[in-house]
Amino acid sequence: MMQTNFFVDAKELRRWCAIPVIDLPAHPELRVRYRQVADSIQLGALMARDLIEVIEENNSRGWPTRAILPCGPTCWYEPFRSLVNARGVSLKSLHVFHMDECLDWQGKPLPQGHPYNFRTYMERNFYRGIRNDLAVPDGQRHWLLPATMEQVRGAINDSPIDITIGGWGQDGHVAYNQARRHPFHHTTLEEIAKSTIRIQENSIDTIVALAHRTFGAAFQFVPPMSITLGMRECLSAKKVRVYSDTGAWKQTALRVALFSEPTPEYPMTLLQTHPDAIITATLETARHPISENPEWELF
């Protein structure tokens, strides 16, 4: 694995961000497989199909399916439920490993009604509405919390993961594998790649991004801590698929993931080291203001 400096070169970053969105899918410098779709509707339908294809293939062979799933993006929940119900896709052999969860300042679970309580959200929007005769059994829903982390670690290590589905954050974090910018401790690319389940404080930029997204910039209400699967667990799957439809705060991380060599400043660049990883973005996420304002003088 190539080790780079922690920070991306700003002049190279400007060049990547200046590429017109229409040129991204077939660009000759892409370092990872990439798909581009029009909007959230198309993205959600694609995400649902990506997971259902794996489940149906395994079901046909009498094999279980083991999947690492995110709380977001959320545009695929309704298409997934609809396809499962309409096609009668049994989820009785699906084992779901939820990739992360938010915590309060003491590392405890959030109130059930908190908008960043991922379990509440997933129970309401992912599991609810699936026919009872098709639903994932409760014992195969592996919720990640401080009290369950060792059980989840053991369950993941027990057998191979078929597919990891996720999004990415403003700093290219997959699950909550944020770029570590601690003033006294820095992680190498190899350390991030080997990272495993852990409890951590959320980065300041993550808190600001989530505050802007959900709370009208009231950062006081954003969970200050989280528990996450590590990159080692996420990248252990046979297939890795990450998606985004949330626009501006994902645009630069996408460009870095597509064109930069692997770097600890943007953990999702590690997707380049996986044999079957694909990044998918909507047009709104794929566009970049630098590409649309070529007159800007940044240096």
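Note that the structure is a prediction, hence the values are computed from the model and not measured.
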Ignoring hydrogens and geometry, is there a side-chain-to-backbone donor-acceptor pair from [X] to [Y] under 3.5 Å?
X: R33; Y: D276; value: no
X: Q170; Y: L210; value: no
X: N117; Y: T120; value: yes
X: Q272; Y: A257; value: yes
X: T187; Y: I192; value: no
X: R141; Y: V136; value: yes

Using only heavy-atom distances, determine whether the side chains of [X] and [Y] contain a donor-acceptor pair under 3.5 Å.
X: N202; Y: S226; value: yes
X: D245; Y: S40; value: yes
X: E233; Y: T196; value: yes
X: H142; Y: T148; value: no

How about [X] and [Y]: do any of their side-chain heavy atoms sit closer than 4.5 Å?
X: P64; Y: N58; result: no
X: L24; Y: R255; result: yes
X: F80; Y: M47; result: no
X: T246; Y: T282; result: no
X: M149; Y: I199; result: yes
X: W16; Y: L258; result: no
X: V152; Y: L229; result: yes
X: M99; Y: L144; result: no

Identify the heavy atoms of [X] and [Y] that sit nearest to each other, and give their distance.
X: R213; Y: W249; answer: NH1-CZ2, 3.1 Å
X: A286; Y: Q36; answer: CB-OE1, 3.4 Å
X: S291; Y: P294; answer: O-CD, 4.1 Å
X: T164; Y: I161; answer: OG1-CG2, 4.4 Å
X: R31; Y: P262; answer: NH2-CD, 3.9 Å
X: P289; Y: Q251; answer: CD-OE1, 3.3 Å

Value rounded to 0.5 Å, distance of [atom1] in [X] from [atom2] in [Y]:
X: H186; Y: E265; atom1: NE2; atom2: CD; answer: 12.0 Å
X: L189; Y: T273; atom1: CG; atom2: OG1; answer: 8.0 Å
X: L254; Y: Y34; atom1: CG; atom2: OH; answer: 5.0 Å
X: E292; Y: C17; atom1: CD; atom2: SG; answer: 11.5 Å
X: D133; Y: L91; atom1: CG; atom2: CG; answer: 10.0 Å

Before accepting this row, confirm whether a basic side-chain N of the pair [X]/[Y] lies closer than 4.0 Å to the acidic partner's carboxylate O.
X: R81; Y: E78; value: no
X: K239; Y: E53; value: no
X: K238; Y: D162; value: yes
X: R87; Y: E56; value: yes
X: D9; Y: K11; value: no

Hydrophobic clusters here meaning ILVMFWY residues chained together by side-chain heavy-atom distances under 4.5 Å, can you tell me if L145 and F97 are in one?
no

* Check against side chain to side chain contact (heavy atoms under 4.5 Å, CB included), T228 and R198 -> CA-CA 6 Å; T228 185; R198 64 194 180 278; 4.0 Å; yes

Atom pairs and distances, side-chain donor-acceptor, residues 122-130, under 3.5 Å, sequence neighbours left out:
residue, atom, partner, partner atom, Å
E123, OE2, R119, NE, 3.0
N125, ND2, Y121, O, 3.0
Y127, OH, H98, NE2, 2.8

Taken in chain and number order and not counting sequence neighbours, the residues that satisfy side-chain hydrogen bond (donor to acceptor under 3.5 Å, both in side chains) with N59 are none

Exactly one candidate in L43, L283, T285 meets side chain to side chain contact (heavy atoms under 4.5 Å, CB included) with V37; the answer is L43

Sequence neighbours left out, cut at 3.5 Å: what donor-acceptor pairs do the side chains of residues 107-115 make with other protein atoms?
residue, atom, partner, partner atom, Å
H114, ND1, Y116, N, 2.9
H114, NE2, F221, O, 3.3

- prompt: What do the steps show when you test W76 against L69 for side chain to side chain contact (heavy atoms under 4.5 Å, CB included), and what is the final call?
  reply: CA-CA 11 Å; W76 68 291; L69 300 184; 4.1 Å; yes

Quiz prompt | Aromatic ring proximity, centroids under 6.0 angstrom, H27 and F259 | solution =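 Yes, they do, as the ring centres are separated by less than 6.0 Å.
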
Could you give me the CA-CA distance, side-chain angles and deciding distance for R241 and I163, then say whether side chain to side chain contact (heavy atoms under 4.5 Å, CB included) is met? CA-CA 8 Å; R241 304 288 185 262; I163 187 169; 4.2 Å; yes

Apply side chain to side chain contact (heavy atoms under 4.5 Å, CB included) to R180 and Q200, showing your working.
CA-CA 10 Å; R180 186 168 172 82; Q200 61 186 1; over 6 Å; no

